[in-house]
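Just the heavy atoms: all of them, side chains too, but no hydrogens, waters or symmetry mates, feed the values below.
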Amino acid sequence: DKQLNDLKLARIMDIFRDRFADASDFTYVFVGNFKVDEITPLLETYLGGLPSINRKETWKDVSPEYAPGVIDFKYPKNSEQQSNVQMVFHGDFNWNVKDRQIFRILSQVVSIKLRESMREDQGGVYGVGFSENISKFPKPKYSVTAQWGCAPENVDKLAKTVFDVLAKIKQEGPTDIDMQKVTETMIRERETRVKENGYWLSALESTYFNGDKMMTSEEYVALIKSITKEEVKNLAIKYLEGKEYIRTAFMPEVK
């Protein structure tokens with residue numbers, strides 16, 4: 001074990017020395033309450049001295065791909081008499097500003113309906129969540145994850161509920177109430193977040209990394225309010241087919 005740990009540490013140091021051997025293409029982002037003329041000497045001292053050899057680099061895609069088709073398996077290793085389930089839907093994504101916001105609305109609508117169906121109507125879960133992830137690099141991809149805890153005998157029934165909820169949204173679209181609830185929440189959350197450093201750090205990083213245009217508050221509100229139920233429905237049809245997904249269930253251990 002010691003030899004393996006030493007090898008890992010040596011490899012980590014090799015990567016560190018290689019990456020910080022050339023800072024010529026680094027982009028630093030600073031947010032917070034500071035004065036430019038006061039922070040400049042610190043930047044000159046601690047960043048200005050970094051080596052710069054202007055080497056030309058590119059990147060290659062080494063990220064693992066999801067297994068194709070449907071993957072469904074259960075782990076009988078839980079020491080408690082309950083199950084934890086995850087369902088992940090994934091695929092390629094058409095990267096543009098509007099589709100990403102529609103996808104966010106879709107994800108939150110699905111989350112509302114799953115909570116209503118699983119917890120409030122069926123009373124079958126200890127907690128349920130539904131979240132989305134969209135990335136531009138190395139190539140535009142999306143994934144959405146439904147996860148919940150439940151009694152072992154309810155795993156398959158609640159998994160079917162996920163498909164039932166998705167099918168209804170693809171057929172009918174979201175309700176007016178759910179659309180209003182989600183869009184108002186998104187607008188209100190952004191109004192709060194723009195007062196925080198974390199928002200600006202994320203927005204600036206996205207601008208430089210993804211090439212996104214930073215929207216004003218007025219532009220953001222106009223975009224969110226322009227999205228229709230039909231657009232949410234069509235995006236659900238496009239991305240939530242259910243032909244490519246992974247379901248894992250952490251089941252009670254068999255004694």
Taking the side chain from [X] and the backbone from [Y], do they hold a donor-acceptor pair closer than 3.5 Å?
| X | Y | value |
| --- | --- | --- |
| N78 | Q82 | yes |
| K113 | V165 | no |
| S111 | Q108 | no |
| S202 | G198 | no |
| N234 | E230 | yes |
| E244 | G69 | yes |

With a 4.5 Å heavy-atom cut-off, do [X] and [Y] have their side chains touching?
| X | Y | result |
| --- | --- | --- |
| V97 | K213 | no |
| V109 | I112 | no |
| H90 | K141 | no |
| M118 | V162 | yes |
| E231 | S226 | no |
| V232 | K229 | no |

Connected via hydrophobic side-chain network under 4.5 Å: [X] and [Y]:
| X | Y | result |
| --- | --- | --- |
| F16 | Y46 | no |
| F163 | V155 | yes |
| W200 | F209 | no |
| M214 | L201 | yes |
| I246 | M87 | no |

[atom1]/[X] to [atom2]/[Y] distance, rounded to the nearest 0.5 angstrom?
| X | Y | atom1 | atom2 | value |
| --- | --- | --- | --- | --- |
| R100 | I134 | CZ | CD1 | 7.0 Å |
| E57 | D25 | CD | CG | 5.5 Å |
| L204 | D212 | CG | CG | 11.5 Å |
| I102 | I227 | CD1 | CD1 | 5.0 Å |
| I187 | L223 | CD1 | CG | 9.5 Å |
| F250 | E80 | CZ | CD | 9.0 Å |

Looking only at heavy atoms, which two atoms of [X] and [Y] are closest? And how far apart?
| X | Y | value |
| --- | --- | --- |
| G173 | K233 | CA-CB, 3.8 Å |
| S52 | D22 | CA-OD1, 3.5 Å |
| K243 | V70 | O-CG2, 3.7 Å |
| C150 | N154 | SG-C, 4.1 Å |
| Y66 | V88 | OH-CG1, 3.8 Å |
| G149 | N84 | CA-OD1, 4.0 Å |

Inset, instruction - Identify the residue among L235, L106, I237, L240 that makes a side chain to side chain contact (heavy atoms under 4.5 Å, CB included) with I169. - result: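 Result: among L235, L106, I237, L240, L106 is the only option passing the side chain to side chain contact (heavy atoms under 4.5 Å, CB included) with I169.
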
With a sphere of 6.0 Å drawn around [atom1] of [X], does it hold more than 12 non-hydrogen atoms of other residues, nucleotides or ligands?
| X | atom1 | answer |
| --- | --- | --- |
| K225 | NZ | no |
| Y28 | OH | yes |
| I53 | CD1 | yes |
| F137 | CZ | yes |
| F26 | CZ | yes |
| Y208 | OH | no |

Inset, instruction - Could you tell me whether R188 and E191 have a side-chain N and a carboxylate O separated by less than 4.0 Å? - result: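 Between E191 and R188 there is no salt bridge, as every charged N stays at least 4.0 Å from the carboxylate O atoms.
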
Inset, instruction - Any chance you could lay out the salt bridge (Lys or Arg N to Asp or Glu O under 4.0 Å) test for R247 and D156, step after step, and finish with the verdict? - result: CA-CA 10 Å; R247 184 179 80 164; D156 293 332; 2.9 Å; yes

Legend entry - F89, Y245, F103 screened by ring pair (Phe, Tyr, Trp, His ring centres under 6.0 Å) with Y239, the one that passes: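 The single option meeting the ring pair (Phe, Tyr, Trp, His ring centres under 6.0 Å) with Y239 is F103.
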
Inset, instruction - For K139 and D92, run salt bridge (Lys or Arg N to Asp or Glu O under 4.0 Å): C-alpha distance rounded to whole Å, both residues' side-chain angles, the deciding distance at 0.1 Å, then the answer. - result: CA-CA 8 Å; K139 49 190 172 185; D92 297 327; 5.8 Å; no

Inset, instruction - Please name all residues satisfying side-chain contact (heavy atoms from CB on, under 4.5 Å) with S217, sequence neighbours left out, ordered by chain then number. - result: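 Per chain and number, S217 pairs via side-chain contact (heavy atoms from CB on, under 4.5 Å) with R190.
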
Legend entry - Candidate pair D176 and Q180, rule side-chain contact (heavy atoms from CB on, under 4.5 Å), full reasoning: CA-CA 6 Å; D176 290 330; Q180 181 179 2; over 6 Å; no

Inset, instruction - May I have all residue pairs that pass side chain to side chain donor-acceptor pair (under 3.5 Å) and include part of residues 162-175, sequence neighbours excluded? - result: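 Non-adjacent pairs meeting side chain to side chain donor-acceptor pair (under 3.5 Å): K160-D164, T175-D178.
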
Inset, instruction - Return the orientation label for the F93 and W95 ring planes: parallel under 30°, perpendicular over 60°, tilted otherwise. - result: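 Aromatic pair F93/W95 classed perpendicular.
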
